[in-house]
Amino acid sequence: MVVKEEKDYQNGFDPSALPPFKIAEIRAAIPKHCWVKNPWRSLSYVLRDFLVISALMVAAIYFNTWYFWPIYWVAQGTMFWAVFVLGHDCGHGSFSNSPMLNSIVGHILHSSILVPYHGWRISHRTHHQNHGHVENDESWVPLTESLYKSLDNVTRMMRFTVPFPMLAYPIYLWRRSPGKEGSHFNPYSKLFAPNERKEVITSTICWAIMFSLLLYISTIISPILLLKLYGIPYWINVMWLDLVTYLHHHGYKQKLPWYRGKEWSYLRGGLTTVDRDYGWINNIHHDIGTHVVHHLFPQIPHYHLIEATQAAKPVLGEYYREPEKSGPVPFHLMKYLMQSISSDHFVSDTGDIVYYQTDHVLNKSSGTKSE
């Protein structure tokens, strides 16, 4: 059964229509060198990011003035987010061809910002393997109408009122999303297969070591200074992570489909992702906004994504949505975030092609307006 709630297709193009090309055609259009992983180049980005993080910390301690701290928090939080993206490359194996190097660097990077590397890596793999699938996807999965209506009013308000959804990532790591059970820290979680438990234990131990180290540091430099140096940037990083990952799959000016059953395929699911332009931040966070080709081919290193996307666009045609150009700072994306969170509340319980629907009662109670 196919249910298509969204009829206002731009220029007559139906984004849920079967694409006239196969994934092999996209792959063939991408130059072969775009698949080559250079571990030294990847490590150079790690060095760059940690040098910037260290310099910012030294500057914050040196100046230690009320007008510099806000600048530091935004800059350092953005750098923490950049570190997450490099760890994300390790998780995909696009950092290098060495699983050991990927694991070592991934643990260092993700543990430093309190992310359990293997726990996240495995659930993120599930996300990529099931992107665009209503039930099986893992990241920002849509709520079905029945599940949405079973939530209490406070939970609905928290989930669909900015800024609360932009602070959700630590909660997701501990208990996942509504309707899904498990924890990224628990080796016996439903997220993981029995043969993955040792890896999850290793990552949880690394997370615990980092958390303990932060507690110890707080006894040396004071909790307030640690909060200013690490705690607030950590939450800025969380906001970046939730904002970017949400906008990868939501908030396009034309609603995009979600799939179930026989209508879903890896290609169709991947084509529902959206590229975003973050202005001068593109380079800082390693072009993670170049997301469509990344979702289809996560093995491509981040430093080849722009070239790979340009090569793939003639094949993708209308299925590729050109990102709106950003100014130096991507303030334009806040408009799409607000519109989406105020209108994309749930999908139908039935139907193999579905679109987000709006709870107009929630809109009235929260004082928001969907378009």
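Numbering of residues begins at 1 and proceeds along the displayed sequence.
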Rounded to the nearest 0.5 Å, what separation is found between the [atom1] atom of [X] and the [atom2] atom of [Y]?
X	Y	atom1	atom2	value
Leu271	Ile26	CG	CD1	6.0 Å
Ile113	Tyr230	CD1	OH	7.0 Å
Ser146	Lys149	OG	NZ	9.0 Å
Tyr45	Tyr303	OH	OH	7.5 Å

What's the shortest heavy-atom distance between [X] and [Y], and which atoms?
X	Y	answer
Val292	Asp275	N-OD1, 2.8 Å
Ile236	Thr78	CG2-N, 4.2 Å
Pro257	Tyr355	N-CE2, 3.5 Å

Taking atom types as modelled and ignoring hydrogens, do the side chains of [X] and [Y] form a donor-acceptor contact shorter than 3.5 angstrom?
X	Y	value
Thr272	Trp258	no
His286	His88	no
Tyr72	Gln76	yes
Arg121	His118	yes

Worked check of ring-ring contact (aromatic ring centres under 6.0 Å, His included) between His184 and Tyr172: CA-CA 8 Å; His184 290 75; Tyr172 165 72; 4.7 Å; yes

Candidates His302, His294, Lys37 - the one meeting side chain to side chain donor-acceptor pair (under 3.5 Å) with Asp89: His302

Expected output: side-chain Asn130 to main-chain His133 donor-acceptor under 3.5 Å: no

Met338 backbone acceptor or donor facing Ser342 side chain under 3.5 Å: yes

Should we count [atom1] of [X] as having more than 12 external heavy atoms under 6.0 Å?
X	atom1	result
Phe21	CZ	yes
Ile224	CD1	no
Phe68	CZ	yes
Lys180	NZ	yes

Face-on cation placement of Arg197 at Phe192 ring, 6.0 Å and 45° thresholds: no

Derivation and outcome, side chain to side chain contact (heavy atoms under 4.5 Å, CB included), residues Tyr278 and Ile284: CA-CA 10 Å; Tyr278 292 88; Ile284 293 176; over 6 Å; no

Stepwise ring-ring contact (aromatic ring centres under 6.0 Å, His included) check, Phe297 with Trp35: CA-CA 9 Å; Phe297 307 110; Trp35 304 85; 5.3 Å; yes

Full working for ring-ring contact (aromatic ring centres under 6.0 Å, His included) between His295 and His127: CA-CA 10 Å; His295 245 273; His127 165 52; 4.8 Å; yes

Partner of Glu181 under salt bridge (Lys or Arg N to Asp or Glu O under 4.0 Å), chosen from Arg175, Arg176, Lys190: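 Among the candidates, only Lys190 passes.
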
Sub-6.0 Å ring centroid separation between His131 and Tyr266: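 That pair passes the under 6.0 Å test.
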
Side-chain ion pair, Lys253 and Glu324, N-O less than 4.0 Å: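 The answer is no: the pair does not qualify as a salt bridge.
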
Worked verdict on Arg156 versus His345 for side chain to side chain contact (heavy atoms under 4.5 Å, CB included): CA-CA 9 Å; Arg156 291 185 204 175; His345 295 148; over 6 Å; no

